[in-house]
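Every chain is numbered from 1 and lettered A, B, ... according to where its sequence line falls, protein lines coming before strand lines. It should be emphasised that the depicted structure is a prediction, and the values quoted were computed from it without experimental measurement.
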Amino acid sequence: MPSHVPAQAADPAVAPIRVPLLAWLLAVVALVVSYLLLQENGLVTTGAVAEYLHEFTHDGRHALGVPCH
Amino acid sequence: MGTVTLGGVLRRGALAGVAAGVAASLVAFFVVEPVIERALAVEEARAAGEPAAEELVGRATQVVGGMVAALAVAICLALVLAVVFAQVRHRLPGRTDFGRATLLAFLGFVSFALVPALKYPADPPAVGNPDTVGARTAQYLSLIAAAAAISWLAVLVRQVLVARGHSTPLAATAGVLTGVAGYAAIMLIWPAASGDIPADVPAQLIWDFRVASLAELAAMWATMGATLGLLLTPRPPKAAPRTAEATTAA
Ligand SMILES: [Zn+2]
């Protein structure tokens, strides 16, 4: 990057940050956890644990605007 | 501006997620829960006469569960926000990381909360047909994916125009128009919300719940963006060196 670019210039170019695949995997895991917490209506997991998770997060699911039964 | 590392962004993202989760769960407790209580009263009136069904999870546990869910989801979404921020930081407009982080969180709010809330508004418990939940979930998730893609397109349009030498206001306007037109288009294309609202649920209750739900989502995203932005903002230099600098300048 040229050093004469003043730091206060409007919309200055900033150096890109290297984001390895591992970071994206973390993001995907975070999205899957959100899905299991909020979307799960028997699509992935079933049984007593899923039922408990569904009822435990039920208020949260509705409050966050997620479709529910 | 000091060097910003991925690890640094992720750590700040996690903290922003905790702050956003606390803010959202406070709104959940004080604003959303009272409306849920009204909805449960409707459900109870419906079941009057029938033998009381065995509750798997008690009411108090569900209130706590709703707050825990808001916290956990906020932390997850903030980690996603941090990874995306690291990836697209150099494409985002703004003079500071605070501006860039809050803009990205705003786009996150629009894509993950506002567009889905306008197309498929939140409903309280006591509303909803179990037979349609699969279809409603697919519509909701695909709409979010499409809205996120539109947000990305809007950022890209602005960046390409700037790179081609167009003025900043023109590029910004084109980006905003791309976003607004794109969101409107996908909302028209996606199937209409299922009209599953039972007749015994008052319209006022539905409306109050939708406003309360959007308030919780807005609190979550606003706190997430502002906290990430603040944590990325370099601390001002201490007073002593600044005085020395001023003396040198004078
Ligand atoms: Zn449910």
Heaviest contributor of heavy-atom pairs below 4.5 Å to chain A, chosen from B/Q139, B/R91, B/Q87, B/E216, is B/Q87
Counting heavy-atom pairs under 4.5 angstrom with chain A, the leader among B/R210, B/R59, B/M67 is B/R59
Subject >> Minimum side-chain heavy-atom gap B/V68-A/T57 below 4.5 Å >> reply: no
Side chain proximity check, B/L6 to A/P20, heavy atoms < 4.5 angstrom:
yes
So, the part of B/I75 with a heavy atom under 4.5 Å from chain A: the answer is neither
All heavy atoms of A/L37 vs all of B/A72, minimum pair found to be CD1-CB, 3.5 Å
Correct closest heavy-atom pair for A/L38 and B/V73 would be CD1-CG2, 3.2 Å
Measuring only between side-chain heavy atoms, which start at C-beta, is B/T61 closer than 4.5 Å to A/Y52?
yes
Assert top hit (heavy-atom pairs under 4.5 Å, partner chain A, pool B/A212, B/A70, B/A117, B/P125) equals B/P125
The interface call for B/F209 against chain A, heavy-atom contacts under 4.5 Å, is side chain
Quick one: does A/P16's side chain get under 4.5 Å of B/R89's, heavy atoms only? no
Assert top hit (heavy-atom pairs under 4.5 Å, partner chain A, pool B/V57, B/V83, B/T132) equals B/V83
Ranking A/A63, A/A23, A/G65 by heavy-atom pairs under 4.5 Å to chain B gives rank one to A/A63
Within the structure provided, determine whether B/T5 and A/R18 are in side-chain contact (heavy-atom separation under 4.5 Å). no
- [ ] Might you confirm whether atom CH2 of B/W207 has over 12 heavy atoms from other residues, nucleotides or ligands at distances under 6.0 Å?
- [x] no
Original post:
Does any N or O in the side chain of A/H62 come within less than 3.5 Å of the main-chain N or O of B/D123, such that one atom is a donor and the other an acceptor?
Top reply: yes
Honestly, the part of B/L81 sitting under 4.5 Å from a heavy atom of chain A is neither
So, the part of B/V88 with a heavy atom under 4.5 Å from chain A: the answer is neither
- Item | Student check: side-chain heavy atoms of A/V19 and B/F85 closer than 4.5 Å | no
Quiz item: Got a donor-acceptor contact below 3.5 angstrom from the A/E55 side chain to the B/Q62 backbone?
Solution: no
### Query
Quick one: are B/V80 and A/L26 in side-chain contact, heavy atoms under 4.5 Å?
no
Bottom line for B/A28: the part with an atom under 4.5 Å from chain A's heavy atoms is neither
Heaviest contributor of heavy-atom pairs below 4.5 Å to chain A, chosen from B/L217, B/V63, B/L79, B/V32, is B/L217
Applying a strict 4.5 Å limit to non-hydrogen atoms, the region of B/M220 in contact with chain A is side chain
Smallest heavy-atom separation, B/Y140 atom then A/L64 atom, equals OH-O, 4.1 Å
Rounded to the nearest 0.5 Å, the SG atom of A/C68 sits from the CG atom of B/N129 at a distance of 12.0 Å
